[in-house]
Amino acid sequence: MLAENSSSGSADSGSLIQQMSQSLGLLRVAFDSTGEAMLIVDESSAVRWANQQAADLWGGGITLQMVGRPLSALLQFHHLDRSPMGDQEPTHPLQKALSAAGRNSYLIQALSEPDIDQPQLITRSVSWRQIIQMNQSFVLLIFRDLEPLEKALARQRQFIDKLAHELRTPLAIITGNLHRMKRKEQLSG
C-alpha cells in the first residue's frame with residue numbers, strides 16, 4: 001500500500017512539473033511576442049532575465065548571452081541632450097526604481113555596436129518597477145519604442161498645418177467680404 005502511494009505521488013509531481021514547464025514555455029512565448037524589450041536586473045545590476053526583443057537590441061540576438069552580465073556592459077543610458085548618464089545618477093532608471101515605479105524617455109546606446117566612434121542612440125520610453133521575490137530585490141525594465149507614436153503625432157501636426165494653410169485663404173476672402181459688406185451698410189445708412 002505504501003509503495004502504491006509513493007508511485008502515485010511521483011506521478012502527480014511529474015504531472016505538476018510538466019504543467020509548470022508548459023506554463024513557463026507559454027510565458028516565454030508571450031514575453032517574446034510583445035513589441036517591447038524587457039529585462040529583469042538584480043541588486044548588483046546584473047541581468048537575470050531578458051526577452052527576445054532585448055536580446056535583438058543588446059544581446060546579439062541571444063538572450064542567454066545577456067544573463068549574468070552587468071546592465072552597464074550591454075547598454076548605456078543617455079539624457080535627451082545626448083550626454084551619457086552614469087549608473088549612480090539619481091535620474092538613472094535603476095536608481096529611480098529604488099524609490100518608486102515610473103517611466104521616462106531616454107536615449108539608449110547598445111554597447112555591442114561594432115562602430116563605437118559613431119554611437120547610435122535610440123529613443124525609448126523606459127518603465128521600471130521594483131520586484132521583491134524570495135527575499136531578493138529585482139528591477140523590471142520595459143523599453144517601449146516611441147517611433148510609431150512620434151510618427152503619428154508628426155503626421156497629425158502636418159495635417160493640421162496644411163489644414164490651417166488651406167483655410168487661411170477662404171477665411172481671408174470671407175473676412176474681406178464681411179468688411180466690405182459692413183462698409184457698404186455704413187455708407188448707405
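Only heavy atoms go into these numbers, but all of them, side chains included; no hydrogens, no water, no symmetry mates.
- The shortest heavy-atom contact between A46 and G68 is CB-O, 4.0 Å.
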- Task: Could you give me the CA-CA distance, side-chain angles and deciding distance for N51 and T63, then say whether side chain to side chain contact (heavy atoms under 4.5 Å, CB included) is met?
- Result: CA-CA 7 Å; N51 72 345; T63 57; 5.8 Å; no

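- For R48, the salt bridge (charged side-chain N to carboxylate O under 4.0 Å, His left out) partners are D42, not counting sequence neighbours.
- The side chain to side chain contact (heavy atoms under 4.5 Å, CB included) check on I17 picks up nothing, with sequence neighbours excluded.
- Minimum heavy-atom separation, D56 to G61: OD1-CA, 3.6 Å.
- If you take CG on L98 and CD on E43, they are separated by 9.0 Å, rounding to the nearest 0.5 Å.
- Contact annotation: the side chain of F77 approaches that of I108 to within less than 4.5 Å [non-hydrogen atoms, C-beta and beyond].
- With rounding to the nearest 0.5 angstrom, the CG atom of N177 is 8.0 Å from the CD1 atom of I174.
- Side-chain atoms of Q130 do not come within 3.5 Å of backbone N or O of A101 as any donor-acceptor pair.
- Linking Ile, Leu, Val, Met, Phe, Trp and Tyr whenever their side-chain heavy atoms come within less than 4.5 Å leaves F138 and M66 in two separate clusters.
- When the ring pair (Phe, Tyr, Trp, His ring centres under 6.0 Å) test is applied to W128, no partner is found at least two apart in sequence or on another chain.
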- Task: Just do the side chain to side chain contact (heavy atoms under 4.5 Å, CB included) check on V139 and L71 with the steps written out, would you?
- Result: CA-CA 11 Å; V139 174; L71 181 65; over 6 Å; no

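- Pairing each heavy atom of P90 with each of K96, the nearest pair is O-CG, 3.1 Å.
- With a 4.5 Å cut-off on side-chain heavy atoms, L107 and L80 count as touching.
- The minimum heavy-atom distance linking G60 with Q65 is given by the pair CA-OE1, 4.3 Å.
- Residues passing the side chain to side chain contact (heavy atoms under 4.5 Å, CB included) test with L57, sequence neighbours excluded: A37, I122, R124.
- A donor-acceptor pair under 3.5 Å is absent between the side-chain atoms of E36 and the main chain of D145, judged by distance alone.
- Once rounded to the nearest 0.5 Å, the distance linking CG of L111 with OG of S72 reads 8.0 Å.
- Residues satisfying the ring pair (Phe, Tyr, Trp, His ring centres under 6.0 Å) test with F143, not counting sequence neighbours, are W58.
- Residues H92 and D87 form a side-chain contact, since some pair of their non-hydrogen atoms from C-beta on lies under 4.5 Å apart.
- Of the possible donor and acceptor atoms, none in the side chain of H79 sits under 3.5 Å from a partner among the backbone N and O of D81.
- Taking CZ from R129 and CD1 from I40, the interatomic distance works out to 11.0 Å, rounded to the nearest 0.5 Å.
- Between L141 and P93, some side-chain heavy-atom pair lies under the 4.5 Å cut-off.
- Atom CD in Q136 sits 12.0 Å away from atom CD1 in I131 (nearest 0.5 Å).
- Applying the salt bridge (charged side-chain N to carboxylate O under 4.0 Å, His left out) criterion to E89, with sequence neighbours excluded, gives no partner residue.
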